[in-house]
Amino acid sequence: MSKVVMSLPKGMVKNSVVGGLLALAVYVAMQFFYALLIHRGAVGMERLYPMTCAAALLASFLGCGYSVVRGKGTSMLTVPVVVAVFLTLTLAAAFFTADAICVDNGLTGIGLSMAAGGLLAALVGYNLPRGGGSRGKRTRRKRRG
């Protein structure tokens, strides 16, 4: 293994993948909810894009928040990894279900919403109390003199 992989905090990869899958599940559930609202006529079709961006932001915040809390604040490296996993899974689903994907269809806004949710989770996670370090064994230093 390379030194980079060996120096990663314990469980970071697992927390990042689970966070990305959690974000995708929340995003899909919110899209179903929005489709129900539009179908019932409670919301007009013109509100779909802003609601999709809000769903991407909230889903990314929850997925990144999960990885930050599970990692107990040891590394904020999980946040961009979760956003990358979430964006990759979303784009893969889009490529399988659509004929063409282009930036003009609002991909930039959704991607920026995902990044904003991850940034918000990182800011909130940075202010959480750090776990583990203060409760460890303390070593006494020998006095010389």
Side-chain angles (χ1 to χ4, degrees), residues 1-139 141:
M1 285 192 177
S2 69
K3 289 183 179 182
V4 174
V5 173
M6 295 176 84
S7 65
L8 292 174
K10 185 178 180 183
M12 189 192 95
V13 174
K14 179 185 169 202
N15 291 339
S16 298
V17 171
V18 171
L21 291 173
L22 175 69
L24 184 65
V26 169
Y27 182 71
V28 169
M30 290 182 73
Q31 292 300 321
F32 279 129
F33 177 69
Y34 294 155
L36 179 67
L37 288 177
I38 290 172
H39 177 71
R40 300 277 177 165
V43 177
M45 192 67 167
E46 67 278 354
R47 302 293 303 158
L48 181 62
Y49 183 69
M51 290 188 312
T52 302
C53 289
L57 187 136
L58 182 65
S60 180
F61 175 75
L62 292 175
C64 292
Y66 170 82
S67 69
V68 167
V69 169
R70 289 289 294 179
K72 295 178 182 64
T74 57
S75 175
M76 288 298 160
L77 183 61
T78 59
V79 171
V81 174
V82 169
V83 172
V85 168
F86 179 37
L87 183 62
T88 303
L89 291 173
T90 306
L91 284 177
F95 281 128
F96 285 128
T97 58
D99 293 333
I101 305 295
C102 65
V103 176
D104 294 339
N105 290 342
L107 183 63
T108 305
I110 293 172
L112 288 175
S113 297
M114 290 176 184
L119 180 63
L120 186 63
L123 291 174
V124 170
Y126 179 76
N127 292 325
L128 291 177
R130 303 282 182 236
S134 62
R135 295 182 195 140
K137 283 175 43 175
R138 296 181 188 222
T139 57
R141 292 186 182 187

Neighbour count above 12 (heavy atom, 6.0 Å) for Tyr49 OH: yes
Nearest heavy atoms of Gly65 and Ala121, plus distance in Å: N-CB, 3.7 Å
Donor-acceptor contact present, side-chain Ser113 to main-chain Gly109, <3.5 Å: yes
Sub-4.5 Å side-chain heavy-atom contact between Leu37 and Arg47: no
Test item: Ser60 side-chain N/O and Val83 main-chain N/O as donor-acceptor pair under 3.5 Å: no
For the student: nearest non-hydrogen atoms of Leu57 and Ala116, plus distance: CD1-CB, 3.8 Å
Residues that Thr52 engages under side-chain contact (heavy atoms from CB on, under 4.5 Å), provided they are two or more places apart: Tyr27, Gln31, Leu48, Ile110
Sole candidate of Leu120, Val82, Leu119 that passes side chain to side chain contact (heavy atoms under 4.5 Å, CB included) when paired with Cys64: Val82
From CE (Met114) to CZ (Phe86), nearest 0.5 Å: 4.0 Å
Set of residues satisfying side-chain contact (heavy atoms from CB on, under 4.5 Å) with respect to Val28, sequence neighbours excluded: Leu24, Phe32
Show me the donor-acceptor pairs, under 3.5 Å and distance only, between side chains in residues 11-23 and residues at least two apart or in other chains.
unit_1	atom_1	unit_2	atom_2	d
Asn15	ND2	Gly11	O	3.2
Ser16	OG	Met12	O	2.8

